[in-house]
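Data block below; observations after.
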Protein chains: 2
Amino acid sequence: MPKNETPGFAWFWEGLDQYLERMGLKQTQQRRVIVHHFLSIDSHVDADELHRQVNAEGHDVGLATIYRTLNLLTEAGLIEQKSFQDGRSVFEVAHPDSHHDHLICVECRNVVEFEDHEIEALQEAIAEKYGMELKTHRLDLFGRCLDKEACDGRKKILT
Amino acid sequence: MPKNETPGFAWFWEGLDQYLERMGLKQTQQRRVIVHHFLSIDSHVDADELHRQVNAEGHDVGLATIYRTLNLLTEAGLIEQKSFQDGRSVFEVAHPDSHHDHLICVECRNVVEFEDHEIEALQEAIAEKYGMELKTHRLDLFGRCLDKEACDGRKKILT
DNA sequence: ATGGCTGCAAAGTGTTTGCAGCGAT
DNA sequence: ATCGCTGCAAACACTTTGCAGCCAT
């Protein structure tokens, strides 16, 4: 597998290489495979799901390595860890500039990502009001699809 | 311990009694003790912390019972369960009208609760834009206390 | 060849559950 | 006297860690 097979994510691979170099760590077969799959998903995944997908493609990567790599990428600031419902965490690419939030349907679990500068401005104001310097935030909106048909369709696919 | 020792929370005790009755469940010594302590905190707690506090007062309630009671109260809609970022969940009284959000210091873990109607209005607008009916939301702001001294003080108390 | 990396399994978390006896109704 | 409730410990689900050998540098 070529090192940079994921189009549009050169910055990600570069960032990873830099981080590994800086920390005296090594690039490995497994890390490449994991990152490649992670990027090809380009949405949120949990460790288990990623593990399944990677190994479904014929590789044999241990779950522990998935976790270790996801933690490494989080440390490197390249991905972000979120916990939606409870129990498992999901990870997603940390797009450097545009932080996006989530709109989640409680029925079909479909997730839409959005961004709103007005809300972000208000958040800054709130943090300031309480004597804090804002670092990051998490905003999840939970609702129900108005398009019941599409919603039901997605619901059926759920395990 | 009298049944209704927590001032201002008559509605909570009543709601609990109603729920127990409706579901054919029983009021017990332990539940009373747990609820009493929970209400006297009137902030967010995790199961372990509540367990410690209850037993520090001379009671001998099992951790499993704490969990069972917290789940029961959640089912009853009297409290809400939230998961910030690490494993553990925290619980807080579900005030029927005013939903509040959280401002969390990443250093000392101190949590401030706030409420902002402007942001909530924007959230409604966003949900509508994406064809969804908003049910609820979660907004957590993560930052750093500007008052370093107070922050460090709280940090020391962390286990 | 060094020292980080991997898979495995074991250990850790936070939370839930099965069981036998206790206690509220 | 029911039948739910409790404490305990074992079971769980997700995640981390110790170890012996592997592999990138």
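Letters A, B, ... mirror the listed sequences (proteins, then strands); counts begin at 1. Here the structure is a predicted model, which is why all the values come from computation and not from measurement.
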A:R31 side chain, from C-beta outward: closest of D:dT16, C:dT6, C:dT15: C:dT6
Euclidean distance, atom CD of residue A:E49 to atom C1' of D:dT15 [Å, nearest integer]: 17 Å
Sugar-phosphate only, base, or nothing, as touched by A:D46 at under 4.0 Å among non-hydrogen atoms: nothing
Mutual orientation of the aromatic rings belonging to B:F9 and B:W11 [parallel < 30°, tilted 30-60°, perpendicular > 60°]: tilted
Contact under 4.0 Å: A:S89 side-chain N or O vs D:dT15 OP1/OP2: yes
Smallest separation among heavy atoms of B:L50 and B:V45, with atom names: N-CG1, 4.1 Å
Interatomic distance, A:L72 CG vs C:dT6 P [rounded to whole Å]: 9 Å
Whole angstrom value for the distance that separates C1' of D:dT15 from CD of A:Q81: 10 Å
Donor + acceptor pair across side chains of B:T65, B:Q30 (<3.5 Å): no
Helical bend (five base pairs per end, nearest 10°) for the helix from C:dA1-D:dT25 to C:dT25-D:dA1: 30°
B:T28 side-chain N/O to D:dT6 phosphate OP1/OP2 under 4.0 Å: yes
Interatomic distance, A:H59 NE2 vs C:dT6 C1' [rounded to whole Å]: 15 Å
Between C:dC5 (P) and A:R32 (CZ): distance, integer Å: 13 Å
Pairwise salt bridge (charged side-chain N to carboxylate O under 4.0 Å, His left out) hits with a residue in residues 60-80 of chain A, at least two apart: A:E80-A:K82
Spacing between B:E21 atom CD and D:dC3 atom P, to the nearest angstrom: 17 Å
Check ion pair B:R52-B:D48 (N to O, under 4.0 angstrom): yes
N/O-N/O pairs, protein side and nucleotides 18-21 of chain C side, under 3.5 Å:
| from | atom 1 | to | atom 2 | distance (Å) |
| --- | --- | --- | --- | --- |
| C:dG18 | O6 | B:R68 | NH1 | 3.3 |

Atom-pair distance (CD on B:Q30; C1' on D:dC8), nearest Å: 14 Å
Sugar-phosphate, base or nothing in reach of B:D48, heavy atoms under 4.0 Å: nothing
Length of the CG-C1' vector between B:N71 and D:dT6, whole Å: 15 Å
Any A:D101 side-chain heavy atom under 4.5 Å of A:D116 side chain: no
Presence of donor-acceptor pair under 3.5 Å, side chain of B:K26 and base of D:dC3: yes
Of the listed nucleotides D:dC5, C:dG7, D:dG7, the one nearest the side chain of B:V61: D:dG7
Trace of the side chain to side chain donor-acceptor pair (under 3.5 Å) decision for B:E49 with B:Q53: CA-CA 6 Å; B:E49 175 66 15; B:Q53 291 200 23; 2.9 Å; yes
Closest-nucleotide ordering on DNA chain C, the 5'-leading residue of B:F91 and A:G62: A:G62
Residues forming a ring-ring contact (aromatic ring centres under 6.0 Å, His included) with B:H51, sequence neighbours excluded: none
Minimum-distance nucleotide to B:L63 side chain [options: C:dT15, C:dG7, D:dT15]: C:dT15
Results of side-chain contact (heavy atoms from CB on, under 4.5 Å) for A:E21 - residues two or more places apart only: none
Phosphate-side-chain proximity, A:Y67 and D:dT16, N/O vs OP1/OP2 below 4.0 Å: no
For B:I126, the rest of its hydrophobic cluster, which grows through side-chain links under 4.5 angstrom: A:L103, A:V112, A:F114, A:I119, A:L122, A:I126, A:Y130, A:M132, A:L134, A:L139, A:L141, B:L103, B:V112, B:F114, B:I119, B:L122, B:Y130, B:M132, B:L134, B:L139, B:L141
